[in-house]
Amino acid sequence: MDDKTLEVLAKQAGLDLYLKEFPEDLRAAAEQVEAQRKALPSHFTASDEPWPGMAFGKRSCRSTP
Amino acid sequence: MTELHWLTAAEAGRGFRDRTLSPVELLKALLERAEKLNPTLDIYVALDADRALAQAKIAETEIAAGKARGPLHGVPVGLKDIIDLEGLPTTCGSKILQDNVAKADAHGVALLREAGMVFPGKVQTLEFALGGPSFDLPKPPSRNPWNRDHHPGGSSSGSGAGVAAGFFPVALGSDTGGSIRNPASCCGAVGLKPTYGLVSRRGVFPLAFSLDHLGPLSRTVEDSALVLDALAQQDPLDPASRPRPDAASYARDLWRGVKGMKIGFVRHFHERDMPADPEMAASLEEAARFFAAEGATVRDVTLPDLNEFSAVNRNILQAEAWTIHQNWMRTRPGDYGQIGRRRLASGAFLTASDYLDAQRRRLKMIEANAAVFREVDVLLCASSMDPPCRIDDLGAIAKTYPRQARTPFNVTGEPAITLMSGLSKGGLPLSIQIAGPHWGEAKILQAAAAYERATQWHKMRPKEAA
């Protein structure tokens with residue numbers, strides 16, 4: 001991934017500080033996703049069910065903090 | 001006579017009830033052991049000996065008064081440090097939550113407290129149940145009791161290493177992509193991931209909402225069954241929690257054997273999709289022969305490709321984890337360890353369609369597995385493809401960590417148990433995995449118990465904990 005693309009994506013995600021302090025870690029994270037996308041290309045069409053389940057729970061789950 | 005630290009939960013509970021052993025005596029022995037071995041194995045991150053001794057004394061008094069609450073009364077349990085224990089920090093192994101003291105027990109902890117269990121403290125986790133093993137965090141990573149230079153697995157690393165080293169007979173861990181079953185596999189223990197929804201996750205710091213499970217680790221199948229019996233209660237405050245469909249006791253029904261059981265052998269996971277280490281593959285073949293000799297019908301079955309399961313698990317996990325960590329990632333990236341920082345940031349680069357595609361594939365995988373479970377009762381397959389590698393070899397960890405067959409059952413939510421199946425030439429544990437259909441815990445526990453009883457691998461003891 002080129003520097004410009006990484007910068008645009010990082011800023012879009014609000015990761016300006018992360019990019020400034022740990023550019024190589026952010027590059028590794030972005031490249032990991034690129035590799036995953038290649039390994040799992042989208043093969044769905046609009047008519048290719050199933051859609052994800054959209055049931056929702058009654059109450060939220062508490063967790064710390 | 002068995003040394004106190006090697007007593008199982010079932011044995012200890014029986015000893016308490018017939019007055020040949022006291023909960024205080026056992027706890028003191030385990031605390032002494034922790035004092036001796038924790039400096040080299042780094043299992044406990046927080047000890048609360050005074051409160052635990054008070055709990056053990058109460059248990060002793062209640063049992064002496066004829067008020068035994070059940071088989072786990074007075075038995076110590078280790079808790080992964082992402083699980084809330086009222087009054088102790090839940091740090092998730094991270095600087096981010098270093099001062100986060102739990103105000104209440106997690107639902108699972110409350111249930112074990114009702115069962116009379118004793119809580120000596122919190123044990124190590126990989127950072128936020130994902131990042132590690134890391135040496136740039138507040139506490140060092142746990143070590144493998146079979147060889148402290150080797151990885152104990154994760155993310156429930158302290159739970160797995162702790163039961164294997166005789167720090168406690170049982171522990172709780174969490175499992176989002178295999179994190180109960182990985183340390184169980186690496187440390188020669190038993191690790192059980194229940195059906196999604198059987199055990200509440202309330203009070204357990206989430207990693208990925210739709211993949212997270214809470215469950216037991218132990219040295220025997222019976223002990224995991226006993227803990228699951230206590231944990232399997234619906235919680236209206238966990239939206240995924242469901243009522244247990246039957247009232248049977250997993251522990252009571254444990255010894256029914258496998259005669260007549262239909263077992264599907266998922267050979268393609270470790271032969272085609274991710275070719276396993278030869279010793280691991282041989283132990284799986286041996287297990288298949290064992291089940292057939294015991295009267296089960298064993299036949300090969302085909303599930304979706306293991307690599308696709310792993311990719312789907314990874315996309316969903318990263319996307320959901322990002323929703324939890326995004327604010328800290330933006331404002332406090334330096335407070336994460338490097339491994340956690342990298343893994344958790346991946347979610348920022350996934351798109352909505354990446355996530356939805358993964359969820360759609362997931363539904364197809366659930367359907368595919370359900371079709372196989374219409375033909376067989378349980379599945380036999382690999383857990384890890386390799387014995388645990390060195391803990392300081394980040395290249396080997398990166399290479400071997402994804403080489404596992406645990407993620408399929410996080411993706412589908414089906415129950416799965418791992419247990420020891422031998423020792424490698426290098427003296428490290430080998431393992432197998434048995435999985436079942438949704439709510440099929442009873443059968444997988446029965447199959448695992450039959451294998452354990454016949455092979456006796458669970459009686460092997462790690463050298464670092466001798």
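Just so it is clear: chains get the letters A, B, ... in the order the sequence lines come, proteins before strands, and each one is counted from 1. Remember, it's a predicted structure, so these values are computed and weren't measured experimentally. Side chains are part of it too, since the values below use all heavy atoms of this structure and drop only hydrogens, waters and symmetry mates.
The CG atom of A/L15 sits 10.0 Å away from the OG1 atom of B/T331 when rounded to the nearest 0.5 Å. Taken from CD in A/Q32 to CZ in B/R342, the straight-line distance is 10.5 Å, to the nearest 0.5 Å. Atom-to-atom distance recorded for B/F349:CZ and A/L26:CG is 4.0 Å, nearest 0.5 angstrom.
In this structure, the side chains of A/F22 and B/Q338 stay at 4.5 Å or more apart for every pair of heavy atoms. Counting heavy atoms from C-beta outward, B/R361 and A/L40 have side chains that approach closer than 4.5 Å. Taking the side chain as every heavy atom from C-beta outward, B/D354 and A/Q36 never approach each other to under 4.5 Å. A/L17 places none of its side-chain heavy atoms less than 4.5 Å from the side chain of B/R330.
The part of A/R37 that comes within reach of chain B is its side chain, from C-beta onward, which places non-hydrogen atoms under 4.5 angstrom from that chain. Of the atoms belonging to A/A39, not a single heavy atom falls under 4.5 Å from chain B.
When every heavy atom of B/A348 is checked against every heavy atom of A/A13, the shortest pair comes out as CB-CB, 4.0 Å.
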